[in-house]
Amino acid sequence: MDQPVRELSYAEAIREAMAIALERDERVVVMGEDIGVYGGAFQVTGDLIERFGPDRIIDTPISELGGAGIAVGAAVTGLRPIFEFQFSDFATLAMEQIVNQAAKMRFMLGGSVSVPVVMRFPAGSGTGAAAQHSQSLEAWFGHVPGLKVVQPTTPEDAKGLLLAALEDPDPVMIFEHKLLYKTRGPVPEGAYTTPIGKAEIRRKGRDVTVVATGVMVSRALEAANELAAEGIEVEVIDLRTVRPIDTPAIVESVIRTHRLCIVHEAVKTLGIGAEISARIAESEAFDYLDAPIVRLGGAETPIPYNPDLEKAAVPQVPGIVAALRDLATGRR
Amino acid sequence: MDQPVRELSYAEAIREAMAIALERDERVVVMGEDIGVYGGAFQVTGDLIERFGPDRIIDTPISELGGAGIAVGAAVTGLRPIFEFQFSDFATLAMEQIVNQAAKMRFMLGGSVSVPVVMRFPAGSGTGAAAQHSQSLEAWFGHVPGLKVVQPTTPEDAKGLLLAALEDPDPVMIFEHKLLYKTRGPVPEGAYTTPIGKAEIRRKGRDVTVVATGVMVSRALEAANELAAEGIEVEVIDLRTVRPIDTPAIVESVIRTHRLCIVHEAVKTLGIGAEISARIAESEAFDYLDAPIVRLGGAETPIPYNPDLEKAAVPQVPGIVAALRDLATGRR
Amino acid sequence: MGREDKAMVKKAEAATGADNRPFLFRRHDAGTIREAYRKMLLIRAFEEGAENAYMRGLVHGTMHLSIGQEASAVGVGLALRDDDQITSTHRGHGHSIAKGAEVKRMFAEFFGKETGYCRGRGGSMHIADVSKGNLGANGIVGGGIPIAVGAALSARRLGNGKVVVCFFGDGANNEGAFHEALNMAAIWKLPVVFVCENNGYGMSTSQARATASATIAERAGAYAMPGRTIDGNDLSAVAEATEDAVSRARNGEGPSLIELKTYRWRGHSKSDRNRYRTKEEIDHWMTENDPVKRIEADLVAFGILDEAGLDAVRASVAEEIEAGIAFAKESPSPDPADLERFVYTEGA
Amino acid sequence: MGREDKAMVKKAEAATGADNRPFLFRRHDAGTIREAYRKMLLIRAFEEGAENAYMRGLVHGTMHLSIGQEASAVGVGLALRDDDQITSTHRGHGHSIAKGAEVKRMFAEFFGKETGYCRGRGGSMHIADVSKGNLGANGIVGGGIPIAVGAALSARRLGNGKVVVCFFGDGANNEGAFHEALNMAAIWKLPVVFVCENNGYGMSTSQARATASATIAERAGAYAMPGRTIDGNDLSAVAEATEDAVSRARNGEGPSLIELKTYRWRGHSKSDRNRYRTKEEIDHWMTENDPVKRIEADLVAFGILDEAGLDAVRASVAEEIEAGIAFAKESPSPDPADLERFVYTEGA
Ligand SMILES: Cc1ncc(C[n+]2csc(CCOP(=O)(O)OP(=O)(O)O)c2C)c(N)n1
Ligand SMILES: Cc1ncc(C[n+]2csc(CCOP(=O)(O)OP(=O)(O)O)c2C)c(N)n1
Ligand SMILES: [Mg+2]
Ligand SMILES: [Mg+2]
């Protein structure tokens, strides 16, 4: 990329993407609860209201189903709405509009419309907000044809994937992990896009492949660092897109490393790890596997409030290290 | 079972289960849209209104979120509600109450309540009702700790699982395939329960195991019959429960047959087949596998209206036969 | 109004001191009125044709007929410009035809053909014709309400002067989507008109058993918008009330709610046994309050068409239906290889 | 009312011709009134204590304080029997205490301890005490509304005479759940009272910007139920309006909606920078309309407590808070091995 690069936080990078889009495209509006003067529950929209005014940075009442539906209707009729859910858990109120309408409208109408709506979902645990404010539900969306689903993990990708989503004619769901909002990283200035549907190798390694999503990417990288000291070289793939899954990228890596571990925060059963495991087992990488595929995911429980339980409910670095060590050294 | 056995349709068996429960337990009520004098969209409640009156067979307005939430509130405070969704697709309106409230309440309250609510979801395609009336969303529910999820495929199990659900202190979601309602089979008289969480072998076979759900069980049995003529003996497992999955039953079978195929109607990506495939690959059955696990599932599309496309969108007998033949004969 | 018609009205007014004819006849020229009548007949004939095809096994799935409700679709349509938009419902054939859909492409959709409005992918419950401003029927009760408000938001932001009409039923008004969407339309003063076709029942459940308020219109008060209850089988009254609400919307004065009282003659869908209403009730509406007969009487009374003229329209409608069915039958089915086409935008 | 108090009221009435004191003082005995006052103080002290603990890093997550809203929780509680039930909100500490919760177990919950009301699994947003009829706070805005109606359905079917109070905020009234649940409560005439604590804002969004109607109470009309707007910082007025609505419900006359106008002194949650309201507005409510100061003035005026009496209550509350914090600190944390406990009912 040619643009100069600065350090921004993940939240700032998202805001910058929205500002670029608002600036260059009159059709872009941002909608959601308390995204105006409050700046959003996680301060992602921040000062956009001051720069673009209340006609484009639209505070909605607390009406997730109606709000999402309005965004869908606006998308079909010429706007490019970005709809922010205050917490991804509240998507449970809007699945009708997302799944029955946005995802299917083009198909049901035989191709006569597109639905270029972007929805943003602050997701995940780790903030002590308990079971109704900590869910990771991206697998539900990944199960729905007609949707695209991304999970950026770096500030650079958060910006690039949002700009890509805005250029995409179809509904794109963006899962943002709350713990990432304050993390910082290099972000190119100006407009660029990060391709939807492409995974990214964050660290090269020869001994074992880890596919991780969301906040688990940085935990996997930490684990990889620890293991490097033991001489185990872990390849870390940031999945980035949950639908469509970049199966070729994973296959290619597994063919080199012969071992695969998938780490995500969502509940393990029927999480994205299940799909990846099944796909790799069906792929040409299968014959290269020297050990069964390992999945690490959230415990089979709602997220608890108590901080120790909360941590125990999702993969943490020591558990990832142990699992990878076992996998790489043939103990599993 | 000691009780005399008659032939009933799947819908009649469900109605009989509800009648038994209504008869013996004053706390049982049935709620839903047009379940009274209309008898339910699929005539499952039928004449219950005449036998138990409108105080117990409660027609709700068209208010899925509120209706489901009322059922949850009633369950926490002493009733045993059975809530019928008119089509499983409308669950998209009620995920909040199902997933944030019913599934988590006991946990969030540290065990001080149970939520004995039963919800029934007529699901699946094949009726020409198009994309918003044909979905198979059970995998979403299977991803949610706190819920139990069953998918009966025979009249006998439809009755037994509903009675088991009513005795269960936790929320049980019952996915009923619409094409099954008119299918007939033997059903014991009187009360009995079918255990939640237990799969059932519908046909014994030595060459390949098929795990199927919903209407795919009968298609798998048909396929098995065809293949028997070719000397291929297929073992057909009816999964029956989506959460918790009866992994041991599948492991045991695969250890005998060395080959596994999973067939479901729901979209293949992130369907129950992914989870089963991943689990078996993680299990002791892995070492017995003579071929990669095969998944058959719905196409990556909303359900189309045109009847030929509609059929093409989900597994049919010829496709199942071909896949099993290839798997059993080592062609895949 | 055409120039000649206007002159005639003026003359009539001059003679009598005032024009006492119903709104429809004061407001519209004879050609427009004839066309409205023709659309009512076309809706009914289309649905009878579709029903017949269903009985003969030519149509897959189910369908929801609006026979008996034709005046509401057409009356609303009269108040709209071509580029105004509507969202429709599961009972939406009338809305489609009123907004300019061709019956041949509707039949083709029913028959699952590639020439249908949805290329055979959607069927009865998803007919749309975006080029005519029809954003589509909806299989989800209440599902179109927020979408209509979203379209109105677009209209306002894009400054294109469009008004959106949102059709829904008396049953739909108990969905949360109704509440949320009307509230937002009101606080943002969006150019949308909410038209509740109150046919007395949501499937088997009467308004009295499902809805706590005595009328749907009075719920408008909760959103500080005007709400009116109108005889939905009176084409003129429907057109008048809608025109008021549409001008309000177009002038930036915000949304309105119109409740149109009507009745569906057929069962809810093809599987209805009509156990929740009496034969007398149905007969009463069919014989005493048929919107088609009512407009026919007016057309004759106000000299727009005589019996021969009515017959000519009927004949031309019958011909269009027959040709439409033939077109649909002859049209090709989708290629099964295209199963996953249109799930995503091609080339994206 | 105790026997003695009743006698006193009678005497007063005989002397003056009528008892002109506010409802609270006519209706309740001195002990009950003192206890209500103590609960208001306890709520405030509990929240100040919790806030303090949060500042010192002892509490995880976030919390929503109801300081300034104490009269509504306690006034409603005064109208309820012990076995009546409530559903509460994310801003529910006051409701819990008003319904009889012990602060020590609430602190324990905040500290994530096994002795907390939720055994440390729920935290501030999920405190419940089912034994006292508190069905729980809720992290989902509007989430408790249908649940309350369900509890009322149980009460009716089980014939146990219970009434359910459903607390929610002005922001919640724009959720679809509000609409659907109120409609069903009304058509079924269930014993439930909907209490909207209108503190003027849903997070940063003022009522005027979020809600199309001028008051929340007038939305009751859409459900044909009575709706009243009440000064929510007037303990007596709250108790009186609630008692009316509760008797209506208990007598089988169906639901009511009560809007209690109040104000939260603190930010929405711990991350609020209060950019959407002025310092003047906040100061005005804190200095001119403090529900605690208002009841204290009445207590003195009507001779229930003198300054020394008030001080004694304050001291006892401070002691209870201190003891509660100590209890919570000393209590054990959950065993990590129990991570998946309570997901399903044990032994089922
Ligand atoms: C969310 C949802 N719930 C239920 C249904 C099933 N259903 C289809 S139409 C209908 C009745 C709708 O009543 P109303 O809104 O009055 O429209 P009408 O059928 O009378 O035209 C019902 C219950 C549905 N399609 N969507
Ligand atoms: C469904 C849902 N949407 C949004 C939120 C985030 N949220 C929590 S409290 C709140 C404001 C609620 O306002 P109101 O109902 O007036 O209650 P108050 O906070 O003023 O007591 C919001 C938006 C939520 N918890 N649940
Ligand atoms: Mg109706
Ligand atoms: Mg508020």
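Below, read A as the first sequence line, B as the second, and so on, with proteins coming before strands; counting in each chain starts at 1. Since the structure is predicted, the reported quantities are computational estimates derived from the model, not experimental observations.
- Going from atom CE of Met125(C) over to atom OH of Tyr305(B) covers 9.5 Å, rounded to the nearest 0.5 Å.
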Item to check | Check against side-chain hydrogen bond (donor to acceptor under 3.5 Å, both in side chains), Ser63(B) and Asn174(C) | outcome: CA-CA 6 Å; Ser63(B) 307; Asn174(C) 294 315; 5.5 Å; no

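- Asp308(B) does not touch chain C: none of its heavy atoms, backbone or side chain, sits under 4.5 Å away.
- Of residues 39-50 of chain B, those residues with a non-hydrogen atom less than 4.5 Å from any non-hydrogen atom of chain C are, in numerical order, Ala41(B), Gln43(B), Glu50(B).
- Closest of all the heavy-atom pairs between Ala130(B) and Gly122(C) is CB-O, 3.5 Å.
- Rounding to the nearest 0.5 Å places OH of Tyr38(B) at 10.0 Å from OG1 of Thr205(C).
- Side chains of Asp34(B) and His268(C) form no contact here, defined as non-hydrogen atoms less than 4.5 Å apart.
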In residues 335-342 of chain C, what donor-acceptor pairs under 3.5 Å come from side-chain atoms, sequence neighbours left out?
residue   : atom : partner   : partner atom : Å
Asp335(C) : OD1  : Ala337(C) : N            : 2.8
Glu340(C) : OE2  : Glu300(B) : N            : 3.2

Next on the checklist: Using side chain to side chain contact (heavy atoms under 4.5 Å, CB included), reason through Thr62(C) and His133(B) one step at a time and then give a plain yes or no.
Outcome noted: CA-CA 11 Å; Thr62(C) 190; His133(B) 286 73; over 6 Å; no

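- Using a 4.5 Å cut-off between heavy atoms, Met203(C) touches chain B through backbone and side chain atoms alike.
- Among Gly61(C), Ser269(C), Cys118(C), the residue with the largest count of heavy-atom pairs under 4.5 Å with chain B is Gly61(C).
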Do any side-chain atoms of residues 134-150 of chain C form donor-acceptor pairs under 3.5 angstrom with protein atoms, and if so which ones, sequence neighbours left out?
residue   : atom : partner   : partner atom : Å
Asn134(C) : OD1  : Gly136(C) : N            : 2.8
Asn134(C) : ND2  : Ser96(C)  : OG           : 3.1
Asn138(C) : OD1  : Gln101(A) : NE2          : 3.0
Asn138(C) : OD1  : Gln132(B) : NE2          : 3.4
Asn138(C) : OD1  : Ile140(C) : N            : 3.1
Asn138(C) : ND2  : Gln101(A) : OE1          : 2.9

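- Contacts between residues 52-61 of chain B and chain C, counted as heavy-atom pairs separated by less than 4.5 Å, involve Asp59(B), Pro61(B).
- If you measure heavy-atom distances from Glu64(B) to chain C, the contacts under 4.5 Å come from both the backbone and the side chain.
- The CZ atom of Arg119(C) sits 12.0 Å away from the CG atom of Leu309(B) when rounded to the nearest 0.5 Å.
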